[in-house]
Amino acid sequence: MSALTALTLKGALEGLASKQFSSEEITRAHIAAIEAANPQLNAYVLTTPEKALEGARAADARIAAGEARPLEGAPIGIKDLFCTEGVRSTACSKILGNFIPPYESTVTANLWREGAVMLGKLNLDEFAMGSSNESSAFGPVVNPWKSRGSNQPLTPGGSSGGSAAAVAADLCLAATATDTGGSIRQPAAFTGTVGIKPTYGRCSRYGIVAFASSLDQAGPIAKTVEDAAILLRAMAGHDQKDSTSLNIEVPDFASFVGKSVKGLRIGVPKEYRLDSMPAEIAALWDQGIAWLKAAGCEIREVSLPHTKYALPAYYIIAPAEASSNLARYDGMRFGLRQEGGTLTETYENSRAAGFGAEVQRRILIGTYVLSAGYYDAYYLKALKVRRRIADDFEAAFTEVDALLTPTAPSAAFGLGERVADPIAMYLNDVFTVTTNLAGLPGLSLPAGLDSTGLPLGLQLIGRPLDEGTLFSLAGAMEDAAGFRSKPEKWW
Amino acid sequence: MAEREPYRISGRTGDWEVVIGLEVHAQVASNAKLFSGAATSFGAGPNEQVSLVDAAMPGMLPVINRYCVEQAVRTGLGLKAQINLKSRFDRKNYFYPDLPAGYQISQFKDPVVGEGVLTVERDDGSTFTVGIERLHLEQDAGKSIHDMDPNWTYVDLNRAGVALMEIVSKPDMRSPEEAGAYVKRLRALVRWLGTCDGDMEKGNLRADVNVSVRKPGGELGTRCEIKNVNSMRFIQQSIVYEARRQVEILEDGGKIDQETRLFDAVKGETRSMRSKEEAHDYRYFPDPDLLPLELDPDWVKRIQDSLPELPDEMAERLQSQYGLSAYDAGVLVTDAERASLYETLAKKHDPKLVANTVTQSLLTFANAHNEEVTADGVLHIDTKALSAYLALIEDGTVSSRTAKELFEGMVAKEGTPAQIVEARGLRQVTDTGAIERVVDSIIAANPDKAEAAKTRPQAIGWFVGQVMRETGGKANPAAVNEILKVKLGL
């Protein structure tokens with residue numbers, strides 16, 4: 001059984017196609033693994049075993065009939081930010097309560113159309129707002145990794161903490177996730193998994209509970225670079241129901257994995273070398289540079305001069321959009337409602353009871369920066385910074401083909417360690433928010449372990465729509481790193 | 001034309017001038033809503049025309065309806081306005097149960113249509129010009145129903161997301177009548193273009209009225225906005241009330257608070273809608289779910305080329321082609337149907353006679369029955385009846401005087417025009433012998449007047465009148481004139 005859950009997505013698809021095992025078998029193996037692990041890890045907020053087995057049996061029938069589709073029979077997990085028809089979808093917020101959407105998000109619909117099987121819904125920070133999964137209404141996810149010799153529970157990162165932990169602990173072959181400021185890449189880095197946030201507009205946002213519309217983008221978290229490429233191709237594609245979706249062909253991303261990277265020019269942005277950066281992160285970064293050099297890449301230092309303004313700009317723009325996007329949770333049509341004596345009281349009571357502290361904080365920040373008298377000083381200024389950051393990247397990409405940076409400024413930290421300090425928490429996103437602001441693809445891959453045995457990630461940033469180059473580079477680095485570590489099973 | 005008296009409000013400190021600007025909300029004639037595929041037809045059951053997008057379910061996204069944009073551009077072109085090839089949608093944020101998303105998608109900063117102009121006719125036929133500030137697209141909200149239950153408010157989202165054009169005028173109106181005339185003209189234009197049905201009773205066209213007062217020619221005063229006034233009469237009543245209210249405050253040494261007010265049609269007064277503590281900060285910002293709206297200049301050109309002849313252009317053509325007065329032409333182009341009826345008839349009959357018939361007899365009849373003039377006439381007085389009526393005048397069967405009586409017969413459904421002429425004995429007397437006998441007897445009875453006419457030929461008019469009276473208006477006026485000239489020796 002454990003052999004089946006340990007498979008990569010690629011390996012599982014090959015095994016299914018060659019009938020070494022059935023979808024029902026590999027799905028049952030995962031259901032069993034989830035049952036055993038979830039009480040400790042809390043990665044899933046809802047499991048759908050009946051639906052999974054039903055899907056698995058249908059997949060087996062198609063495989064038997066020779067009608068297998070690209071993801072036929074592969075059991076995967078879905079971040080609970082994606083609306084799934086007839087299956088509770090909560091964004092891990094109390095305000096959605098037992099909301100059961102009568103519709104399916106485009107990304108998940110694409111996956112089911114290709115034959116994937118849903119195991120359940122994965123935990124996340126409430127409305128994807130957080131970097132540690134601790135703001136979830138269902139409680140935090142516990143990272144399957146632990147520091148050597150320590151029993152302290154660690155965060156898997158956030159907001160896609162459930163997705164990352166489930167993949168790392170073999171509770172699904174791969175998972176969907178979303179990334180507004182680093183929510184795919186930072187958890188991937190914290191759990192030794194691969195995650196990519198594609199170019200803004202690659203994946204439809206239709207049916208994904210919105211956090212910050214101009215930054216939100218779906219992507220996969222997977223066990224290998226190739227698995228991430230396979231899942232991303234299935235998730236992506238133009239959708240008329242999302243005006244910001246790009247009407248552009250989706251390449252076979254997996255075909256880029258294994259391609260030579262010889263001659264590619266790699267930029268190392270000097271502004272990312274923070275004074276406060278732990279020596280281990282800096283060393284890992286240098287290691288990554290060495291691997292790419294060895295693979296035939298040309299390394300250049302580049303400058304992204306507005307980098308230091310990215311985090312403040314992000315924490316203005318994202319909350320501004322969120323404050324408006326979350327106005328629909330008013331207790332009137334669905335979800336939680338707490339009656340009050342007047343309409344205003346009903347609003348106040350419902351939203352006070354339904355939203356957690358971090359979400360309330362961001363709604364307040366967003367409302368403030370859009371208010372008359374503050375709009376120009378904050379929101380408009382942030383939009384200008386955003387433009388400059390995009391210009392920085394554009395200039396850099398005239399000289400180089402991709403950028404290499406660390407994914408996060410630290411390894412996974414202890415649960416509860418940073419909840420009292422929102423600023424410290426926000427600093428997790430310092431290397432990742434820039435690509436969201438500029439709409440660029442960013443990929444995180446595991447590159448090694450720190451001195452306590454925790455995984456660390458490196459980030460590759462590419463030109464718009466050039467995920468292919470990122471997959472080639474990541475494939476080369478994955479080979480060089482030879483990262484095969486798995487968390488030691490304690491659950 | 002005589003100089004018009006400007007509209008003034010007389011106060012204790014002298015006369016005041018009222019300054020009016022209007023924001024007209026016109027529902028776009030479209031089968032689907034602005035950002036969802038839901039239907040827009042009137043009369044559906046509550047919440048039957050609501051899509052997941054309209055109800056703002058989690059993860060739902062707006063997608064612009066191309067046809068609604070086309071309708072806005074068409075209206076803009078009708079207003080001779082600048083079409084902005086790049087515009088943008090913004091969110092206007094506020095909480096209300098009939099606004100499911102918690103924001104209305106509107107165009108705050110960059111509207112699809114910029115400055116334009118509308119020539120408006122007053123009741124006396126004189127015209128004035130109203131500047132158009134802008135036209136933008138926005139979503140309508142749903143409807144809150146407060147009177148179905150004492151404790152609950154019901155919400156119907158059928159209207160939520162329906163496309164509206166907000167047409168903002170410059171403060172170019174100076175009396176309630178001018179405001180009324182502007183709305184009437186604008187309504188006629190959108191109906192003419194087919195971009196809004198103009199049905200005010202269904203709320204498909206309504207206005208926010210901005211009113212301020214000042215000493216004539218002085219600095220603009222602080223304005224108040226009267227929200228959502230939904231009839232021509234209420235627009236005018238609310239202005240009369242509001243201007244008077246403001247004058248009283250100012251004359252008492254007070255100051256006008258810029259605020260939003262509501263018109264209470266029952267009491268005929270305006271009142272403040274919300275207190276200052278509740279004043280909204282709408283936190284407008286660009287809607288990140290939508291890309292900027294970019295129009296292809298060729299597409300705009302195709303819309304321009306597909307426009308029907310505009311009312312102003314048609315009025316000019318009617319004057320040059322049919323020799324009509326500016327006034328008649330103006331009345332005819334008030335409405336596309338009316339204009340169409342005119343042209344149908346003018347092709348077969350004397351254009352001036354047709355103009356008189358349509359703008360006078362027929363319009364009076366339509367107004368009396370609260371009907372609109374359609375391309376096929378009004379009620380039972382259709383094009384066929386009108387054509388027969390006009391022919392009877394043109395061939396001399398009835399005189400212009402008896403024509404009036406004939407029309408009355410038509411109104412009273414007494415039969416076909418020919419039958420009415422016979423039944424009412426309206427046939428014009430062209431028998432010169434009969435007319436001569438009447439002329440002779442009148443001259444014989446008034447020898448002094450006959451003598452005087454020899455030196456003062458214009459006195460013939462008196463004799464014509466007498467003859468017409470004797471013949472009950474049936475004598476052919478031309479024949480009467482001829483005979484009189486001979487008999488009086490002129």
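We name chains A, B, ... by the order of the sequence lines, and we start the count at 1 in each one. In this text, all values refer to a predicted model and were calculated from it rather than measured experimentally.
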Output field: ring centroids A:Phe127/A:Tyr329 closer than 6.0 Å: yes
Side-chain donor-acceptor contact under 3.5 Å, B:Asn84 with B:Arg134: no
Note, A:Tyr103 side chain near A:Glu85 side chain (heavy atom, < 4.5 Å): no
Polar contact flag, side-chain donor to acceptor under 3.5 angstrom, B:Asn93-B:Arg283: no
Neighbourhood of chain A inside residues 54-70 of chain B, taking heavy atoms under 4.5 Å as contact: B:Ala55, B:Ala56, B:Met57, B:Pro58, B:Gly59, B:Met60, B:Leu61, B:Pro62, B:Val63
Distance-only side-chain donor-acceptor flag, A:Arg205 / A:Tyr200, under 3.5 Å: yes
A:Ala320 versus chain B, the contacting section by heavy-atom distance below 4.5 Å: backbone
B:Asp289 versus chain A, the contacting section by heavy-atom distance below 4.5 Å: both
Donor-acceptor side-chain pairing of A:Lys121 and A:Thr84 below 3.5 angstrom: yes
Any side-chain donor near an acceptor of the partner, B:Gln71 and B:Thr195, under 3.5 Å: no
B:Tyr103 portion near chain A, given a 4.5 angstrom heavy-atom threshold: side chain
Toward chain B, the part of A:Leu96 with a non-hydrogen atom under 4.5 Å: side chain
Parallel, tilted or perpendicular, as decided by the 30° and 60° cut-offs, for the rings of B:Tyr282 and B:His280: tilted
Any donor-acceptor N or O pair under 3.5 Å, side chains B:Thr260, B:Lys227: no
Choice from B:Thr153, B:Leu52, B:Leu290, B:Val155 maximising heavy atom contacts with chain A below 4.5 Å: B:Leu52
Structural part of B:Tyr96 lying under 4.5 Å from a heavy atom of chain A: both
Heavy-atom pairs under 4.5 Å with chain B, option from A:Asp216, A:Asp330, A:Leu343 with the top count: A:Leu343
Note: B:Asp257-B:Lys255 ion pair, threshold 4.0 Å (strictly below): yes
Any donor-acceptor N or O pair under 3.5 Å, side chains B:Lys33, B:Ser51: no
A:Thr367 portion near chain B, given a 4.5 angstrom heavy-atom threshold: both
Residue A:Phe334 versus chain B: region with a heavy atom under 4.5 Å: side chain
Part of A:Phe99 within contact of chain B (heavy atom distance under 4.5 Å): side chain
Option that, when pairs with chain A are counted at under 4.5 Å, heavy atom only, ranks first among B:Leu291, B:Leu157, B:Asp287: B:Leu291
